[in-house]
2 protein chains.
Amino acid sequence: MSTSRGARQPTIKEVARLAGVSPMTASRTLAGGRNVRPDLQERVLAAVRELGYYRNENARSLRPGQPSGLIGIAITNLANPYYGNFALGVEEVAAEHGRRIILGNTGEDDARERQLVSDFIGRQVDGLILVPVSGDAAHLKPERLGEVPLVLASRRVPGLDVDTVLLDDVGGAYRGTVSLLDAGHTRIGFLGNRSSVFTGERRFRGYEQAMTERGVPVDPAIVARDQQDVAAASLAAKAMLDRDEPPTAIFSANNRNTIGALREIGRRIREGRSGPRPAIVSFDDFELSELMPVPVTVIDHDARLLGREAATLLFSRLDEDVAVPARTVELPVSIEYP
Amino acid sequence: MSTSRGARQPTIKEVARLAGVSPMTASRTLAGGRNVRPDLQERVLAAVRELGYYRNENARSLRPGQPSGLIGIAITNLANPYYGNFALGVEEVAAEHGRRIILGNTGEDDARERQLVSDFIGRQVDGLILVPVSGDAAHLKPERLGEVPLVLASRRVPGLDVDTVLLDDVGGAYRGTVSLLDAGHTRIGFLGNRSSVFTGERRFRGYEQAMTERGVPVDPAIVARDQQDVAAASLAAKAMLDRDEPPTAIFSANNRNTIGALREIGRRIREGRSGPRPAIVSFDDFELSELMPVPVTVIDHDARLLGREAATLLFSRLDEDVAVPARTVELPVSIEYP
DNA sequence: CTGTTAGCGCATTCAT
DNA sequence: ATGAATGCGCTAACAG
């Protein structure tokens, strides 16, 4: 019986010894076998199999200039399928480039983001992809990051001039709101993130712009901008719909708010309440939107693509020219009518 | 102007030099400051801030016995919100234990799983959490993994006796199917994964058991067991519903199949087709199931909890007793009627 | 309380 | 084509 935790990982020395060669020959073999006699390679590879050897990537990356092969990615909420897909997009492109991702969840917490970034750098990540919590930028400044390139996704950080992938938040929100106005709605509620969140601000701006342009006043009584999760969004929708002059349509600035609003609307329908059944425009797609009991217009965009784009930006800086100035890619959104 | 990529990361030596102490004093300070004069600590910390120093975690973990602080996690499909939540659960518990997760997506591909596991081990992960692709177990055998503890989630691998977190697949599927039978259905279709997928097999078994017990024959014509994604599930549902004797209810063995089936059903309703509107029982919850145009019974379970449980199992082996035999935790599911 | 020495696993450099 | 020496950044173990 072996020990409970199995044996220590074998090292390249042990492989070499078993193969009867020097560690260098083993190392060279593992590096591709340039300048190593085929028969020795055979013996090394046999020893590798025999011992179950894995090259220690950490030791490998210790030597300066050697990349760690890790991309650090910090997102704000993994429970949101949107960010799951985002991470998947990054992971796909990273895998294509032979990199692994190391993932952390900030939960919209500034301190946690700082901690994650430190840790990532301490692990010698080759690059960093961040959906920033916003707040201040001190810990993301290039001088703090050393050589590690950073790409921001979804949101920009004030005062930070780095590669960024954004959505056309303003345009999408504008067009979505216009579609409601075109349908004759004038009492249009707003559900979204607090304005300190970059997308929350931008999407509200698009909404506001459309309303103002058409001469429809924005009524603060049916604007709720502080919901981060489904439960809070439900409550906000409820409050709005319980008013004397409830909205006939609701613009929801993100997935979580949309689900919350629909949950509340569904509850009212099931309870047989007569009240209004507001039309919805949702920034962010969600599954089965076509089956909802009220018409849902979706401002659709592909989280996975956003992730792929962010990763592409990162690898272009990593593998190609490094001196180009910071770029911003703004991905289009598409409006899907019910 | 500095170079385009910023400066190399400072090392502990440079910190020590700037603080006018030896590297060991700097190291000790960073390790908590035991046995270091407060004024020297001050100077070290000042130097750290000044230089923007981050401890190189890879170098640190090079020394034997030092944990890397990384937990490797490989899941089959990050795009499935279920696994996003699973990863989140693992991430939460890992963070509580001061660990980071390093995440890979296998896409149900055996080779990719092997590759990921090798890479994780090469990065000296402290532990491994896997939703296995099944197939063979050679690369997961303890002797291949060395000291690295492994926890399986959702699925078991034949011939591999390790800590495992499962759902009550059979019981849940059984109870869900019974609820349909109790409602008077006798023609109940099945949508699920191919039987080589562990959960696919188990959930089918629960379905079959309930049917058999009630003397209702399982008709292969309305059993489709090969869909991995929403599009395939839609097609399978379509084929089933287009038959001469379509099912009056459908048991769907997972989230992806449920969405696909509902998408097809919704399409038929919107097209004003008269055909049957089958009731659904869905293994796996999904958002807004209460708003569907057909009654949906959900066999609910918490992916995040599954992740937390897997991580808890792992850390108990990592931080506590190591010699206990392999454990299996089977989490209960709850049935939520429409 | 502080510093010196040594070595973790690997690969670059320089011999042979 | 092969091997020996060396050092990456860090911290136990030992000395002072």
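In what follows, chains carry the letters A, B, and so on, assigned in the order in which the sequence lines appear, proteins first and then strands, with residues in each chain numbered from 1.
Residues passing the side chain to side chain donor-acceptor pair (under 3.5 Å) test with A:Ser118: none are found, sequence neighbours excluded. For A:Asn58, the side chain to side chain donor-acceptor pair (under 3.5 Å) criterion is met by B:Ser61, not counting sequence neighbours. Qualifying side chain to side chain donor-acceptor pair (under 3.5 Å) partners for B:Gln41, counting only residues two or more places apart in sequence or in other chains: none. Residues passing the side chain to side chain donor-acceptor pair (under 3.5 Å) test with B:Thr11, sequence neighbours excluded: none.
For the segment residues 34-45 of chain A, the set of residues with a heavy atom within less than 4.0 Å of an atom of DNA chain C is empty.
For A:Thr25 and D:dG3, the shortest distance from a side-chain N or O to OP1 or OP2 is below 4.0 Å.
Within the structure, every pair that satisfies the salt bridge (Lys or Arg N to Asp or Glu O under 4.0 Å) test and touches residues 26-37 of chain A, not counting sequence neighbours, is listed here: A:Arg37-A:Asp39. For residues 53-92 of chain B, the ring pair (Phe, Tyr, Trp, His ring centres under 6.0 Å) pairs, not counting sequence neighbours, are B:Tyr82-B:His301. Applying the salt bridge (Lys or Arg N to Asp or Glu O under 4.0 Å) test to every pair with at least one member in residues 40-54 of chain A, sequence neighbours left out, gives no pairs at all. Among residues at least two apart or in separate chains, salt bridge (Lys or Arg N to Asp or Glu O under 4.0 Å) pairs with a member in residues 78-92 of chain A are A:Glu91-B:Arg112, A:Glu92-A:Arg304, A:Glu92-A:Arg308.
Counting only N and O atoms by type, the side chains of A:Arg156 and A:Thr328 include a donor and acceptor under 3.5 Å apart.
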Indicate every side-chain donor-acceptor pair of residues 136-144 of chain B with a distance under 3.5 Å to a residue at least two apart or in another chain.
| unit_1 | atom_1 | unit_2 | atom_2 | d |
| --- | --- | --- | --- | --- |
| B:His139 | NE2 | B:Glu113 | OE2 | 2.9 |

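Comparing the axis of the opening five pairs of the helix from C:dC1-D:dG16 to C:dT16-D:dA1 with that of the closing five pairs yields an angle of 40°, rounded to 10°.
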So if I define the base as every atom that isn't primed, P, OP1 or OP2, how would nucleotides 8-16 of chain C read as a B/S/- string at a heavy-atom cutoff under 4.0 Å? BBBBB----

